[in-house]
Amino acid sequence: MPTKGIQLDANGKLLHFLSIEGLNQQILTEILDTAESFTSVTDRTIKKVPILRGKTVANLFFEASTRTRSTFELAAQRLSADILSLDMSTSATAKGETMLDTIRNLEAMQIDMFIIRHQDSGSAHFFAQHVRPGVSVLNAGDGQHEHPTQAMLDMYTIRHYKQDFTNLRVAIVGDIMHSRVARSQIHALNLLNTAEIRVIAPSTLLPVDTESLGVQVYDNLEQGLLDIDVVIMLRLQKERMRGALLPSEKEYFNLFGLTQERLRRAKPDAIVMHPGPANRGVEIESSVMDGNQSVILQQVSFGISVRMAVMSMIVGQSGLQAKA
Ligand code: CP
């Protein structure tokens, strides 16, 4: 999906945030640094800065969401934007209006930024091509393609706990084939020069060209977890599976579920991550999810600062201004 020319202007400034593919290490690092400057804002009694004062942000979620939708909304509020959150299942698209007509009508209400989650891969890119100049689109997850702000909050979490990507072994475990999160994470980990990226999955849940993404493939969880610093678990994306790709969830847990015993194969200080929603007893044992190596809820908290960072960079403000 050729998003590079749309996402950045001639000076390399963010216009839209559609995919990690097409970005560069400098932008990713600027997002992480800017997000860090916003953590002090989220710790204040009055959690607001005026960076988006006078701007209007519309949250358009055509698919279910808990974390992404709420943290984008909080991030926009903390930047002092006006925020409009539409439940697309009750919007006029449910009466046959095209998505483009919905966008045109919202543009007529002077929306400055659209945050869009949609079941179709490429939808965020499509919207970005059709909005008026000066209006931005942020991808909150498009089909199986990308979920770039999720990947950035994951990179923030890894940097927070492990500092340097260049000596890290990171494992992504589970349904790689249907995961927009995995795709964005792999691009981001490569751009940040991660020493080794492993994907661990049954062959039925791997895209055909997985190795070409710059990862090492394992079909055995015990082997794949050996000496790992960061374990990222993924859920089975059943809503995107066509046909039976697995015998049963029980069988899947028996072979690919992260248990305390299996986690001992990783380094003793390994962190366990999950973008959510997690299915206890399917891809992860409850005691691991709630255990002291799990940073799953911290990921959610960091999501607010990271989304504040992306929105503020789009309007031309970066970390240093945010700190002031
Ligand atoms: N990680 C993630 O996208 O979660 P939600 O579906 O709850 O937004």
Side-chain angles (χ1 to χ4, degrees), residues 17-21 31 35 57-78 83-89 113-124 127 137-158 160 170 172-189 199 205 230-241 258 271-280 282-284 288-290 294-311:
F17 198 62
L18 307 174
S19 62
I20 301 293
E21 189 176 19
I31 292 169
V57 175
N59 241 350
L60 310 185
F61 277 64
F62 294 86
E63 269 188 356
S65 168
T66 298
R67 285 145 286 265
T68 312
R69 180 175 171 160
S70 313
T71 53
F72 258 122
E73 193 166 324
L74 283 173
Q77 285 170 352
R78 288 179 189 180
I83 172 100
L84 183 67
S85 272
L86 287 177
D87 177 355
M88 299 316 288
S89 65
M113 222 178 256
F114 288 103
I115 296 159
I116 298 177
R117 169 170 289 189
H118 197 278
Q119 59 277 14
D120 292 344
S121 300
S123 49
F127 288 126
V137 175
L138 283 76
N139 183 4
D142 63 326
Q144 293 179 205
H145 176 223
E146 284 224 29
H147 192 347
T149 57
Q150 176 67 47
M152 288 314 300
L153 76 87
D154 295 334
M155 297 309 111
Y156 187 92
T157 307
I158 294 173
H160 178 84
V170 178
I172 306 173
V173 185
D175 183 1
I176 311 293
M177 175 141 76
H178 302 99
S179 176
R180 55 196 177 205
V181 174
R183 221 168 306 281
S184 292
Q185 286 169 337
I186 291 168
H187 287 306
L189 288 165
V199 298
L205 295 181
V230 177
V231 189
I232 304 175
M233 300 305 296
L234 301 174
R235 78 183 169 93
L236 298 173
Q237 330 261 310
K238 283 183 276 187
E239 71 277 21
R240 297 192 197 110
M241 289 185 192
L258 186 63
I271 55 170
V272 175
M273 298 171 56
H274 195 311
N279 293 134
R280 292 172 187 259
V282 179
E283 71 272 12
I284 187 165
V288 175
M289 190 159 157
D290 302 328
S294 167
V295 296
I296 294 170
L297 293 178
Q298 287 86 336
Q299 285 175 260
V300 179
S301 303
F302 293 145
I304 301 172
S305 306
V306 168
R307 291 178 170 123
M308 287 170 79
V310 173
M311 288 194 275

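Indexing begins at 1, ligand by ligand and atom by atom, following the structure's order. Owing to the predicted nature of the structure, the values given are computational and were not obtained by experimental measurement. All heavy atoms count here, side chains included; hydrogens, waters and symmetry mates do not.
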Peer 1: If you count the atoms of ligand 1 from 1 in the order shown, which ones are under 4.0 Å from a heavy atom of Gln150?
Peer 2: 1 (N), 2 (C)
Peer 1: Does ligand 1 have an atom that lies less than 4.0 angstrom from a heavy atom of Gly276?
Peer 2: yes
Peer 1: Drop me the distance from Asn139's CG to Ser121's OG, to the nearest 0.5 angstrom.
Peer 2: 9.5 Å
Peer 1: Against heavy atoms of Thr66, which atoms of ligand 1 measure under 4.0 Å?
Peer 2: 5 (P), 7 (O), 8 (O)
Peer 1: Return yes if a side-chain donor-acceptor contact under 3.5 Å exists between Gln298 and His160, otherwise no.
Peer 2: no
Peer 1: Could you pull out, from Arg180, Arg67, Arg117, Arg69, the option with a heavy atom nearest to atom 3 (O) of ligand 1?
Peer 2: Arg117
Peer 1: Geometry only, no angles: is Pro275 polar-contacting ligand 1 at N/O separations under 3.5 Å?
Peer 2: yes
Peer 1: Give me the nearest non-hydrogen protein atom to atom 2 (C) of ligand 1 as residue plus atom name, then the distance to 0.1 Å.
Peer 2: Thr68 OG1, 3.5 Å
Peer 1: Roughly how far, to the nearest 0.5 Å, is the CE atom of Met177 from the CG atom of Leu205?
Peer 2: 6.0 Å
Peer 1: Between CE of Met88 and CD of Glu63, what distance do you get to the nearest 0.5 Å?
Peer 2: 13.0 Å
Peer 1: If you measure from CD1 on Ile115 to CG on Leu138, what distance do you get to the nearest 0.5 Å?
Peer 2: 5.5 Å
Peer 1: Using a 4.0 Å cutoff against the non-hydrogen atoms of His147, which atoms of ligand 1 qualify?
Peer 2: 2 (C), 3 (O)
Peer 1: Does Arg117 qualify as a cation-pi partner of Phe61, given the criterion of NZ or CZ under 6.0 Å from the six-membered ring centre and within 45 degrees of its axis?
Peer 2: no
